[in-house]
Asks: 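Please find one structure pasted underneath; my questions will follow.
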Amino acid sequence: MKLTDYSEIISRCSQCSFCQEYCPSFQAMGTENFLAKHRMNLIREVLIDKTMPESDRFREILDKCLLCTNCTRNCFSLVPIDEIVIAARSEMLKNQKGLGALKRGFMSRVLSEKGLRSIAGMAGSLAGKVGIGKNMPQISSKPFDSIYKGTIKAEGEQRGRVAYYTGCGSNFLFPDVGASVVRVLTANGIEVVIPENITCCGLPLISEGDIDGAADMMRRNIEALSEVDAEAIVMDCTSCRMMFIKKAQKMFGKDDPIQEKIIQLLLKIKEPSAYMTEKGCAVQSKSATKKVTMHIPCHSDRSAEKNLVAMLKSSSAEYVAMDNPESCCGAGGTFYMNNSDMSEKLRKIKVDDIKATGADIIVTECPMCRFYIQLGLPDKKVMHPFEFMAGE
Amino acid sequence: MSSIGKDLRKILGDKQVLDLPEDVSAYANDATFYIAKKNPDAVAVPKTTKDVSEIMKYAFKNKIPVVPRGAGSGLAGGCTPVHGGIVLDMKKKDRILEIDHKNMSATVECGVVLNNFNRELARQGLFYPPDPQSMSVCTLGGNIATRAGGPRGVKYGTTERYVTGLEMVMPDGTVMTPGGKVMKMSSGYDITHLMTGSEGTLGVITSAHLRLLPMPAAKRTIVVTCTTVDQAAEIVSEIIAAGAVPAMLEFLIKLAISVLNKYISPPLPLLGEAYLLMELDGSASQVEDETRDIKRICTGMGAVDVRVVTDDAESATYWWARSRLYPGMLQIFKRVITEDITVPRNSIPEFVRRVQAIAASTGAFIGLAGHAGDGNMHPTILHTEISEEMSKKAEKAIEEIIRAGLDLKGTISGEHGIGIHKNKFTELEHGADQIELMKKIKAAFDPHNIMNPGKIWIEEAR
Ligand SMILES: Cc1cc2nc3c(=O)[nH]c(=O)nc-3n(C[C@H](O)[C@H](O)[C@H](O)COP(=O)(O)OP(=O)(O)OC[C@H]3O[C@@H](n4cnc5c(N)ncnc54)[C@H](O)[C@@H]3O)c2cc1C
């Protein structure tokens, strides 16, 4: 994931401008200087060809990318745009000094090995100084992993056994999501094991360009998950899945022995409802009679969401699709904390779309989308699809 | 901060002006970045016709070049500044002002994205045929300014057929409204259609009245697999000669299908060297009859396979993939230069043969695709590397292709426009007298030559 790895591929951009359809940064700001394509051109000029200086404006333009990956997923020239932005931010992290650098490397400084746990005690201090921490979701005083440990037995006849990789969202921010996933799985005859020694997937770190820090976390996760005896590893967060499925291999050298372990794990990583469908579990929502709609997080590979929608539809709830379920809600992980102007514009579009459906409940897999949409929609309920299925 | 930027801020306010180098470089090129790349001094983002008019008054007074720009998806270097100056980013003028069922007419601002317009029309059972393959991003203003077309050209013609009136801003800031919603007009010179296709060189189009059609009741996609490129060209000719009028009739070589197959579901077996992708539309019975006729013609001429796609989701994958052919080719090649020569339709087989001969003699790798049904071919120069040698070969091949097209009584551009991509060939096509007349027309609109200077023909030294 070093910028030099991309110096050729970046020129594959045909400049067709089709990313205008997908780039939320362009859509919110409205001008082409904030378009994915232009970021590629600037990165080439500033950091590869070095024909332009690494100015504040350059940094601002790169920082206004949400890393939603929508451009990359839809780029017919197959330019890995989000990874090139990450690689460029990594250069910027090395080059920048002072408060700017502190702010840039904030997440990688505080998250370290323990994931979000390390933030819990320090709200205010450092966070306040760099303007992060406003509108942050509360970190639960009873994280999921302080309640659920070891193996949780299936109810009735056992159909399978999975390891549940609990992302920071389901562990620290919304432990009820973790509890719901366990409840729905075990109720359907699936034994659940909570792996030890796992940590954050590393996405907040690579978003800041701290590729090495993210790789350390990923290595620890891969080692830990490789030890677990389970037929599948379920992950309930779109971004964690993206990190494992799309990024993990790229974070290490080709000859690194970890690659073999990653390949083995990739066969096992699943979204929980997909695993349940494979096992023939018929999920019944307990939240009957409610009208529900789904927001599809940008990092979703879409297959999981298709499956979840099918499940919601087969339940007794009334499912209504919004016009643009895939449009970015503006959260972008922690992006909204520093870019409220842009994020609020995107959220407004999302919220209007949701309101038009008349739904009472909005389900979405991503904890940050959930938190951010809820802030903009205080009188509706936003939750994880598994909380909905478990009965609110 | 440039002085132009400073002045524009006074007119428009801070939020609608960009002039930092990191910002304006986003407006240096369109999809033909390998030909033209030059920063404007400033970018102005007008939201109203009045904004445009004020900017033009300022530019006129100070003789500053102005380049209108839509999505910047052009394939001719049309919206790129040659002499710096001001780029007008028109994308924020993006309201659909009216959809008038009684007159089957829509009034739109120039920055409306074609697909957004299409979505709104579809909701109301209406249809606007022009379909440049960049429709997911290109603007109606850009379409009008280039007379854009697309696969539907064969049955429905291109953009100019649908423009009935405009609101426009002259280089000195005067606002005019030529044409209107009427379906015909024999009154005076047709300024509306002079502006249509003017590539931003005469004035700024701010809104337009567009003719609409009812949405056809039925549609069907047909894919024909042909043994050779020649055979595919002959079949196109035969279909046209037989009086069949498909809504779209696209020509693709095997290489193109091999790239697009990743997105076509289920993928097409690669059993031939060339493929024809068609859509038929009309009433259900019309579509049935045409399907039968076309099947008969294709099989009779020895096509390997004629596949009638009955599943809507499956046909959609063909057309979606087709629209992304150009960026898709970059998966394999380092550079792709797309031409849009258009020949009388009976000359397609001959044109295809000549292009193949040019590929052989110049050593350039030339792909063939095109909206063949209306005679519009896209010979595409595919670069396996970026080198001076490759560029020379490409240049030679392009020139020979253009000459071949003209020799067959064709035109050098069927839909992309000239911009600076082909401005050295317009005189070859039209002759010195016509170019002289065009220059006089431009001078009548734009006495200071500030509107998108340097385009369409080779400029005399400034
Ligand atoms: C992948 C791909 C596929 C394409 N397929 C097709 C196709 O099938 N058919 C086709 O015709 N084209 C095609 N194009 C080319 C291009 O998309 C069209 O020419 C389109 O009409 C340009 O619209 P735009 O908004 O991007 O205009 P721009 O590229 O921004 O501008 C094009 C020209 O119009 C002028 N202009 C723009 N707005 C105004 C205005 N408001 N007033 C006055 N002048 C203005 C500009 O100065 C410039 O000369 C394709 C391009 C790509 C990248």
Side-chain angles (χ1 to χ4, degrees), chain A residues 7-23 25-47 49 51-64 70-81 323-324 341, chain B residues 15-18 20-34 37 43-45 47 69-75 87 89 91-92 94 111 113 115-116 119 133-139 259-260 262-263 320-321 323-336 338 386:
Chain A
S7 51
E8 199 166 314
I9 227 175
I10 197 171
S11 302
R12 199 151 67 187
C13 170
S14 72
Q15 310 280 316
C16 67
S17 275
F18 282 17
C19 45
Q20 287 178 17
E21 184 182 359
Y22 305 106
C23 179
S25 179
F26 163 76
Q27 284 157 5
M29 305 300 286
T31 43
E32 290 180 56
N33 48 340
F34 290 105
L35 178 63
K37 171 189 93 165
H38 184 53
R39 291 196 174 93
M40 296 299 98
N41 294 348
L42 273 186
I43 289 171
R44 192 172 49 211
E45 281 174 60
V46 174
L47 295 174
D49 298 346
T51 49
M52 279 174 88
E54 191 184 321
S55 62
D56 287 347
R57 184 58 165 173
F58 167 73
R59 294 193 189 112
E60 188 185 346
I61 289 173
L62 282 214
D63 287 342
K64 284 251 185 291
N70 291 339
C71 53
T72 305
R73 193 160 10 86
N74 290 289
C75 176
F76 255 58
S77 304
L78 305 182
V79 181
I81 303 167
D323 263 0
N324 290 302
D341 53 337
Chain B
K15 287 207 172 136
Q16 287 166 255
V17 180
L18 303 171
L20 291 171
E22 294 85 348
D23 295 330
V24 296
S25 60
Y27 293 82
N29 62 279
D30 65 3
T32 60
F33 60 101
Y34 40 83
K37 210 168 183 213
V43 177
V45 191
K47 290 185 175 163
R69 178 179 176 107
S73 73
L75 287 173
V87 163
D89 180 342
K91 285 189 283 297
K92 288 243 169 110
D94 62 352
V113 171
N115 255 1
N116 293 348
R119 260 191 292 272
Q133 298 293 280
S134 49
M135 55 192 144
S136 57
V137 297
C138 68
T139 64
V259 169
L260 300 183
K262 262 184 268 174
Y263 310 94
W320 190 74
S323 72
R324 279 146 168 85
L325 176 61
Y326 165 61
M329 291 312 263
L330 270 294
Q331 292 180 16
I332 302 181
F333 299 98
K334 298 267 174 359
R335 179 170 294 167
V336 174
T338 306
I386 307 293

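The sequence lines fix the lettering, A, B, ..., with proteins before strands; numbering per chain opens at 1. All of these numbers come straight from a predicted model, not from anything done at the bench. Values reported hereafter were calculated over all heavy atoms of this structure, with side chains retained and with hydrogens, waters and symmetry mates removed.
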Asks: Is B:Tyr34 close to chain A through its backbone or its side chain, or both, or neither, when contacts mean heavy atoms under 4.5 Å?
Replies: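 It is neither, since no heavy atom gets under 4.5 Å.
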
Asks: Under 4.5 Å from any heavy atom of chain A, what part of B:Lys37 do you find: side chain, backbone, both or neither?
Replies: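 B:Lys37 touches chain A through side-chain heavy atoms alone.
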
Asks: Between A:Glu21 and B:Arg324, is the closest basic N to carboxylate O distance under 4.0 Å?
Replies: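 Counted as a salt bridge, because a side-chain N and a carboxylate O are separated by less than 4.0 Å.
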
Asks: Below 4.5 Å from any heavy atom of chain A, which atoms of B:Asp89 appear? Answer side chain, backbone, both or neither.
Replies: side chain

Asks: For the candidates B:Ser73, B:Ala321, B:Ser136, B:Pro21, which exhibits the highest count of non-hydrogen atom pairs separated by less than 4.5 Å from chain A?
Replies: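 When all of B:Ser73, B:Ala321, B:Ser136, B:Pro21 are compared, B:Ser136 has the most.
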
Asks: Angle between ring planes, A:Phe76 versus B:Tyr263, binned at 30° and 60°: parallel, tilted or perpendicular?
Replies: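 Parallel: the ring planes of A:Phe76 and B:Tyr263 meet at under 30°.
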
Asks: Is it the side chain or the backbone of B:Gln133 that comes within 4.5 Å of chain A heavy atoms, both, or neither?
Replies: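 Only the backbone of B:Gln133 comes within 4.5 Å of chain A.
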
Asks: Report yes if some heavy atom in the side chain of A:Asn41 is under 4.5 Å from a heavy atom in the side chain of B:Phe33; otherwise report no.
Replies: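 Side-chain contact under 4.5 Å: no.
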
Asks: Looking at B:Val336, B:Val24, B:Asn116, B:Asn29, which makes the most heavy-atom pairs under 4.5 Å with chain A?
Replies: B:Asn29

Asks: What residue in B:Gly74, B:Cys138, B:Ser134 has the most heavy-atom pairs under 4.5 Å with chain A?
Replies: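 Winner by heavy-atom pair count: B:Ser134.
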
Asks: Counting N and O atoms only, with roles assigned by atom type, does the side chain of A:His38 sit under 3.5 Å from a partner on the main chain of B:Glu22, one being a donor and the other an acceptor?
Replies: yes

Asks: Contact part of A:Glu45 toward chain B, heavy-atom cut-off under 4.5 Å: side chain, backbone, both or neither?
Replies: side chain

Asks: Would you say that B:Val43 contacts B:Asp23 through its side chain, given a criterion of any heavy-atom pair below 4.5 Å between the two side chains?
Replies: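 Counting from C-beta outward, B:Val43 and B:Asp23 never come under 4.5 Å.
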
Asks: Any donor and acceptor pair, going by atom type alone, linking the side chain of A:Ser77 with main-chain N or O of A:Val79 inside 3.5 Å?
Replies: no

Asks: Using non-hydrogen atoms and a 4.5 Å limit, figure out which bit of A:Met29 sits close to chain B: side chain, backbone, both or neither.
Replies: backbone

Asks: Quick one: of A:Thr31, A:Val46, A:Ile61, A:Leu35, who has the most non-hydrogen atom pairs under 4.5 Å with chain B?
Replies: A:Thr31

Asks: Can you say whether B:Arg69 sits under 4.5 Å from chain A via the side chain, the backbone, both, or neither, judging by heavy atoms?
Replies: side chain

Asks: State whether a side-chain donor-acceptor pair under 3.5 Å links B:Gln331 with B:Lys262.
Replies: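 B:Lys262 and B:Gln331 do have a side-chain donor-acceptor pair below 3.5 Å.
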
Asks: Would one find more than 12 heavy atoms of other residues, nucleotides or ligands at under 6.0 Å from atom NZ of B:Lys47?
Replies: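 No, because the 6.0 Å sphere around NZ of B:Lys47 holds 12 heavy atoms or fewer from other groups.
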
Asks: Heavy-atom pairs under 4.5 Å with chain A are the metric here; pick the option from B:Leu325, B:Leu330, B:Asp94, B:Leu75 that has the most.
Replies: B:Leu330

Asks: Per the salt bridge (Lys or Arg N to Asp or Glu O under 4.0 Å) rule, what does the pair list look like for residues 8-17 of chain A, sequence neighbours excluded?
Replies: A:Glu8-B:Lys334

Asks: Is it the side chain or the backbone of B:Asp30 that comes within 4.5 Å of chain A heavy atoms, both, or neither?
Replies: backbone

